[in-house]
Number of protein chains: 2
Amino acid sequence: MASSGAETGRIGRPPRLSRAAIISAAQRILEQDGPEGLSMRRVAKELSSTAMSLYHHVRDKDELLLLLLEEHARRTPRPALPEAPRERLVATACHLHDVLADCPWIVEVLTSDDLTAVSALWMVEGILDAAVGCGLSPEQAVHVYRSIWYYTAGEILVRAGRNRRYAELDRPAYRDQALAALDPADFPRLSALAGQWPELTLQDTHRQDIQAIVDGLLQQAGV
Amino acid sequence: MASSGAETGRIGRPPRLSRAAIISAAQRILEQDGPEGLSMRRVAKELSSTAMSLYHHVRDKDELLLLLLEEHARRTPRPALPEAPRERLVATACHLHDVLADCPWIVEVLTSDDLTAVSALWMVEGILDAAVGCGLSPEQAVHVYRSIWYYTAGEILVRAGRNRRYAELDRPAYRDQALAALDPADFPRLSALAGQWPELTLQDTHRQDIQAIVDGLLQQAGV
DNA sequence: ACCTGAACACCGTTCAAGT
DNA sequence: ACCTGAACACCGTTCAAGT
């Protein structure tokens, strides 16, 4: 047969770039330089191309980030989940957390739309279904999902911010200054904890927290 | 007496800019153009000055944002709080949420450090104290505070993102496309809810959610 | 001490032109 | 159809020079 362009029935110059190539270039950059390093210009350079050529394959940077999340979710294996709806609800929510916590670059996408990536939607479906399985109405189930989502997004975003800050060693932390200057008479609890604060805030309690949210909301709903 | 420069015992050119002037210029910009409009260059222009002159009064943009939060928290009146520790815990956490929700520009600060602004720390102290009043150890109290903080930060950040997105009317929402294309056989819950999704996610349930977190965590702690 | 202009090292995106 | 260079309209921040 003829060239690949003819095969697909298209005319004109055959593409040198592709969505797949762009995504894997972006992944390479994320691995090497982290999320701060990811720019359209940088991706183009990685492909020995120009920033503008990318716009023929992705609508904008947001779409590129969404595609990256899509890939990440697709690659992450689905865990075995418990049968009982209440345990399944918590387990799915924890898995959702873990999938996202695994890629700190996701931070920018988290607040844009609530988890649009199609390959991640089975988790949303799973949480809703388990919540209904617990005896909630569909509307109540959405409420539970949304609360879990807010907590999860916050946990990951705040943690990522904390890590970014610790990475910049040169800048003296505002918080340490502020906590040290506090009058123990006005802030007895904070002052007593000042020393342990960093280690206490680094602890990962997301499983317990999600359990607490689920327990609390199910109790409110009276099921 | 002599000039204000001599009065303060300093020498050299008297300052034309000041922290206070910079802060109020920034507030004006936030009111008019929102958080996207706030840049060092824009603040300088508002003061008929150059971006660089600002750096004599604030260390960097982060410090400026912190000063803005400080001001906002100072201006917000402290509410009357219930005596009973459990109710006080929830009420203080809700107030914390409301203070921050009141200024969407805060978003950028939220993830940097956990609420360093001194004039906002009484809320952290209040939450810790109420948690201890419920019978928790100081360490457990920090856990409760941190969980509330994650939820609150997430709620505000995701909401702010949603509003930003709705403001850009021209861009077709990826989510609506994605939800519409779902196979109802694979995603029965999501498909059934697709139509109501926007209105359901706009509901504000933060009071119930915070109550649920508190209830759930206190129950876990066995108090 | 305080302010300035110019420069550095970036962004995402649009547009008209090339092949 | 696909890719390009140049340009637009921005960023935060540093640095050497001015008053």
Side-chain angles (χ1 to χ4, degrees), chain A residues 2-22 25-26 29-30 33-68 105 108-109 112 164-165 168 170-171, chain B residues 2-22 25-26 29-30 33-68 105 108-109 112 164-165 168 170-171:
Chain A
S3 77
S4 63
E7 274 175 46
T8 56
R10 304 243 210 75
I11 53 164
R13 188 196 271 200
R16 218 169 58 74
L17 268 41
S18 66
R19 274 181 165 235
I22 291 170
I29 292 165
L30 284 170
D33 305 346
E36 314 85 54
L38 188 70
S39 72
M40 298 300 268
R41 289 170 136 99
R42 179 84 174 71
V43 172
K45 191 190 259 179
E46 187 81 11
L47 295 163
S48 315
S49 185
T50 64
M52 288 63 242
S53 52
L54 303 180
Y55 287 86
H56 287 270
H57 302 89
V58 297
R59 182 162 56 177
D60 50 26
K61 200 190 175 184
D62 272 14
E63 198 190 19
L64 174 54
L65 290 172
L66 204 65
L67 290 168
L68 285 166
W105 52 264
E108 292 184 61
V109 198
S112 40
R164 215 181 314 126
R165 205 127 314 242
E168 302 170 28
D170 48 327
R171 90 161 51 209
Chain B
S3 77
S4 63
E7 276 173 48
T8 55
R10 305 241 209 76
I11 53 166
R13 188 196 270 203
R16 218 168 59 74
L17 268 43
S18 65
R19 277 182 163 230
I22 291 171
I29 294 165
L30 284 170
D33 306 347
E36 315 84 55
L38 188 70
S39 73
M40 298 300 269
R41 288 169 136 98
R42 180 83 174 71
V43 173
K45 191 189 257 177
E46 187 81 11
L47 294 164
S48 313
S49 185
T50 64
M52 287 62 241
S53 53
L54 303 180
Y55 287 86
H56 287 272
H57 302 89
V58 297
R59 181 160 57 179
D60 51 26
K61 199 190 176 183
D62 273 14
E63 199 191 19
L64 175 54
L65 290 172
L66 204 65
L67 290 169
L68 285 166
W105 52 265
E108 291 184 61
V109 199
S112 42
R164 214 181 316 126
R165 207 129 311 248
E168 302 170 28
D170 49 327
R171 89 160 55 208

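Letters A, B, ... are given to chains in the order of the sequence lines, protein chains preceding strands, and every chain is numbered from 1.
- Under the side-chain hydrogen bond (donor to acceptor under 3.5 Å, both in side chains) criterion, B:R41 pairs with no residue at all, not counting sequence neighbours.
- Rounded to a whole Å, the CZ atom of A:R19 is 13 Å from the P atom of D:dC2.
- Across B:A26 and B:L64, no two heavy atoms sit closer than the pair CB-CD1, 4.4 Å.
- The distance between atom CG of B:L54 and atom C1' of D:dT14, rounded to the nearest whole Å, is 14 Å.
- For the atom pair CG (A:L54) and CZ (A:R59), the distance works out to 15.5 Å, reported to the nearest 0.5 Å.
- Here the closest non-hydrogen pair linking B:A51 and B:A44 is N-CB, 3.3 Å.
- Here, D:dA9 and C:dC10 have their C1' atoms 13 Å apart, quoted to the whole Å.
- Separating the CD1 atom in B:I22 from the NE2 atom in B:H57 is a distance of 5.5 Å, to the nearest 0.5 Å.
- For the OP1/OP2 pair of C:dC3 and a distance below 4.0 Å, the side-chain nitrogens and oxygens of B:T50 include no atom meeting the criterion.
- The backbone N or O of B:E63 lies less than 3.5 Å from a partner atom in the side chain of B:D60, making a donor-acceptor pair.
- A:H57 has a side-chain polar atom (N or O) that falls below the 4.0 Å cut-off from OP1 or OP2 of D:dC3.
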Please, what dot-bracket string fits DNA chain D when only Watson-Crick and G-U pairs with both distances under 3.5 Å count, crossing ones use [ ] and pairs to another strand use |?
-> ||.|||||...|||||.||
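- Side-chain contact between B:L38 and B:V43: present, with at least one pair of heavy atoms (C-beta onward) separated by less than 4.5 Å.
- B:S49 approaches B:S53 most closely through the heavy-atom pair OG-OG, 2.6 Å.
- Within the 4.0 Å cut-off from OP1 or OP2 of C:dC3, not a single side-chain nitrogen or oxygen of B:S49 is found.
- Taking atom NZ on A:K45 and atom P on C:dA9, their separation rounds to 12 Å, with Å as the unit.
- Counting distance only, with no hydrogens placed and no angle test, the side-chain atoms of B:H56 and the base atoms of C:dC3 include a donor-acceptor pair under 3.5 Å.
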Scan nucleotides 10-12 of chain D against the protein and return all N/O pairs shorter than 3.5 Å with their distances rounded to 0.1 Å.
from, atom 1, to, atom 2, distance (Å)
D:dC11, OP1, B:S39, OG, 3.0
D:dC11, N4, B:R41, NH2, 3.3
D:dG12, OP1, B:K61, NZ, 3.1
D:dG12, OP2, B:M40, N, 3.1
D:dG12, N7, B:R41, NH1, 2.3
D:dG12, O6, B:R41, NH1, 3.0
D:dG12, O6, B:R41, NH2, 3.3

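- A distance of 9.5 Å separates CG of B:L17 from NE2 of B:H56, quoted to the nearest 0.5 Å.
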